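Reviewing the structure listed below.
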Amino acid sequence: MYKIIDGKKIAGEMRLELKEKISEYKRSTGKDIGLAVILAGDNPASQVYVRNKIKACEETGIKSYAYYLPSHITQKEIEELVISIANDEKIHGILVQLPLPEHLNAEKILRLIPDKKDVDGFSANNIGKLCLNGNSLVSCTPHGVMKMLEHENIDLRGKNAVVIGRSNIVGRPMAMLLINADATVTVCHSKTQNLKEHCVNADVLIAAIGKAKFVTSDMVKEGAVVIDVGMNRDENGKLCGDVDFENVKQKCSYITPVPGGVGPMTITMLMYNTYLTATGAEID
Ligand code: NAP
C-alpha cells in the first residue's frame, strides 16, 4: 500500500508557520522582510513562476519587489540593478528568474548576489558550505524534497538513494543533502550506463530529468520511496512528472504526485530562505 506525499498540504502548513514567524519578526523589529524578484524578457513559464512567487510572498507576509525588465536589457544595465539591490537594506533576498535571455551572461549576474542574499542557494560559497555539511542557504527544490522526507519521518540513514539528474539547481545539491543525511548516494545522468540496474537498487529514487513519465515501474524497487521533481507536459499537454505515476505507484511505499508534490515545496523553501536571510535565524 503506497502513500502519496501531499506536497501542497505540507507546503501550506509550512507557509502558515512562516507567516506567524514573519509577523512576529515585523512586530518585534518594526521592519519588513523584502524579496527582490528579477524577470527579464517574456518567457511565459518564467512569468507564471514569478507570479506564483509573488503570491507566496503575499501569503506569508514578505514584501516583494518585482523588477520586470525588457528582453533587450543589456548586461551592464542588469548588473547595475543587481548591485544596487544588493546594497539595499530593505531587500534581504534576491532572485533572478532563469533562464535569462540568451545574450545575457547569467553566471556573471548571479555572482553579483551577495551570499547572504542568495535565497536560491546558487552561490559558490553556499554550495561549498553545503558540500562541507555546514549551515548554508540551500537550493529550494532539493531542500523542499528533504523537508517532505522529514515530514513523513523517512529515515535516510544507510539507505540507497539514487538521484537521476546532476543539474546545479536540483541533482547535485540533492545528492549532497542525501549524503549529509547519511544515505548512500548514486547520481545518474544521460551518460550513465545501465540506468535501470542503478534504479532498481534504490530505496529512495529521486527523478530530476525533465522527461515526461521517464521512470517506469520496471525501474523501481518494491517498497521504494519515489520523489518526482520533473515538470513536463504529456502528449495531451497535461502537466506531468518524470515518473509514470499511475504504473509506478503500486510498487512504492511513498510517492509524490505532479502537480501537488515537489512544486509547492520549492516556492515555500524560497520564502523560508528569505526569512532566514532577514532574521539571521540559524540555517538548517
Ligand atoms: P536539467 O538541467 O535539464 O538536468 C536534467 C538532468 O537529467 C541532467 O543531469 C541530464 O544529464 C539528466 N538526463 C537527461 N536525460 C537523461 C537520461 N536519458 N537518462 C539519465 N539522465 C538523463 O534539468 P533540471 O533543471 O535539473 O530539472 C529537471 C526537471 O525538474 C525538469 O522537468 C524541471 O522542469 C523540473 N524542476 C522542477 C522544479 C519544481 O519546483 N518542481 C524545480 C526545478 C526543476 P546530463 O547532465 O548528462 O545532461
Side-chain angles (χ1 to χ4, degrees), residues 4-12 14-15 37 43-53 55-56 95-100 106-107 110 119-122 127 138-149 161-178 185-202 205-216 218-220 226-235 237-245 255-273:
I4 294 179
I5 306 180
D6 187 343
K8 205 169 164 197
K9 182 160 170 270
I10 303 169
M14 279 191 75
R15 284 188 201 185
V37 182
N43 178 319
S46 295
Q47 285 171 340
V48 173
Y49 292 141
V50 164
R51 211 178 306 134
N52 288 340
K53 286 167 187 175
K55 221 170 104 196
L95 177 143
V96 177
Q97 186 63 48
L98 300 176
L100 287 170
E107 208 189 312
L110 293 178
V119 282
D120 262 333
F122 289 169
I127 291 168
V138 178
S139 182
C140 300
T141 300
H143 201 181
V145 170
M146 293 306 281
K147 289 282 177 195
M148 292 172 105
L149 295 170
V162 172
V163 182
I164 319 177
R166 58 173 166 178
S167 70
N168 290 346
I169 62 169
V170 188
R172 282 170 204 255
M174 188 73 250
M176 279 303 149
L177 287 164
L178 291 164
V185 181
T186 304
V187 181
C188 300
H189 46 78
S190 68
K191 310 291 182 297
T192 298
Q193 291 181 5
N194 307 321
L195 178 67
K196 188 175 146 187
E197 276 173 32
H198 293 286
C199 294
V200 291
N201 280 323
L205 180 62
I206 303 199
I209 312 153
K211 292 197 167 146
K213 302 181 188 175
F214 181 89
V215 175
T216 45
D218 58 329
M219 296 166 79
V220 175
V226 174
I227 306 289
D228 191 350
V229 178
M231 293 235 275
N232 315 291
R233 297 273 163 195
D234 69 10
E235 57 282 7
K238 209 171 140 222
L239 193 62
C240 72
D242 287 345
V243 175
D244 180 7
F245 182 85
I255 186 165
T256 61
V258 179
V262 175
M265 294 300 292
T266 297
I267 296 188
T268 302
M269 297 320 292
L270 175 68
M271 301 299 113
Y272 179 78
N273 278 352

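Numbers for residues simply follow the sequence, beginning at 1. Hydrogens, waters and symmetry mates play no part in the numbers below; they use all other heavy atoms, side chains included. For ligands, and for the atoms within them, numbers begin at 1 and follow the listed sequence. Not measured: the values here are computed from a predicted model.
Of all protein heavy atoms, the one lying nearest to atom 41 (N) of ligand 1 is Val229 O, 3.4 Å. In this structure, the protein non-hydrogen atom closest to atom 1 (P) of ligand 1 is Ser167 CB, 4.1 Å. At the top of the distance list for atom 15 (N) of ligand 1, counting protein heavy atoms only, stands Lys211 NZ, 3.2 Å. Looking at atom 46 (O) of ligand 1, its nearest protein heavy atom turns out to be Arg166 NE, 2.7 Å. Atom 44 (C) of ligand 1 has as its closest protein heavy atom Val170 CG2, 3.9 Å. Residue, atom and distance of the protein heavy atom nearest to atom 39 (C) of ligand 1 are Thr266 OG1, 3.6 Å. Protein heavy atom closest to atom 11 (O) of ligand 1, with residue, atom name and distance, is Ser190 N, 3.1 Å. The protein non-hydrogen atom at the shortest distance from atom 16 (C) of ligand 1 is Ile209 CG2, 3.7 Å.
Residue contacts with ligand 1 for Thr141 involve side-chain atoms from C-beta outward but no N, CA, C or O (heavy atoms, distance under 4.0 Å). For Ile169, every heavy-atom contact with ligand 1 shorter than 4.0 Å involves the side chain, none the backbone. Under 4.0 Å from ligand 1, the heavy atoms of Ile164 that appear belong solely to its side chain.
Looking at Met231, Lys191, Arg172, His198 and measuring to atom 34 (O) of ligand 1, the nearest heavy atom belongs to Met231.
Applying the side chain to side chain donor-acceptor pair (under 3.5 Å) criterion to Lys53, with sequence neighbours excluded, gives Gln97.
Taking 4.0 Å as the cut-off, Gly171 does not count as a neighbour of ligand 1 on heavy-atom distance. The closest approach between Ala208 and ligand 1 falls below 4.0 Å for a heavy atom of the residue.
A donor-acceptor contact shorter than 3.5 Å links the side chain of Arg172 to the backbone of Arg166. With Asn194 contributing its side chain and Glu197 its backbone, the two residues share no donor-acceptor pair below 3.5 Å. Ser167 places a side-chain N or O within donor-acceptor distance of the main-chain N or O of Val170, the cut-off being under 3.5 Å. In terms of modelled atom types and a separation under 3.5 Å, the side chain of Asn273 and the main chain of Val119 share a donor-acceptor contact. Of the possible donor and acceptor atoms, none in the side chain of Asp242 sits under 3.5 Å from a partner among the backbone N and O of Phe214. Put simply, the side chain of Thr256 never gets that close to the backbone of Ile227: no donor and acceptor are under 3.5 Å apart. No donor-acceptor pair closer than 3.5 Å links the side chain of Asp120 to the backbone N or O of Phe122.
Set against the non-hydrogen atoms of Asn232, the atoms of ligand 1 under 4.0 Å away are 32 (O). The Gly263 neighbourhood of ligand 1 comprises atoms 40 (O), 41 (N), with distances under 4.0 Å to a heavy atom of that residue. Ligand-side atoms of ligand 1 in range of Gly165: 6 (C), 7 (O), 9 (O), range being under 4.0 angstrom from any heavy atom. Within ligand 1, the atoms closer than 4.0 Å to a non-hydrogen atom of Gly210 are 28 (C), 29 (C), 31 (C), 32 (O), numbered from 1 in the order shown.
At a 3.5 angstrom cut-off on N or O pairs, Val262 does not count as close to ligand 1.
A salt bridge links Lys196 and Asp218; the closest N-O separation between the charged side-chain nitrogens and carboxylate oxygens is under 4.0 Å.
Considering every non-hydrogen atom in both Met146 and Leu177, the closest pair reads CE-O, 3.6 Å. Ile164 approaches Cys199 most closely through the heavy-atom pair CD1-SG, 3.8 Å.
Here CG of Leu149 is found 9.0 Å from CD1 of Ile10. Values are rounded to the nearest 0.5 Å.
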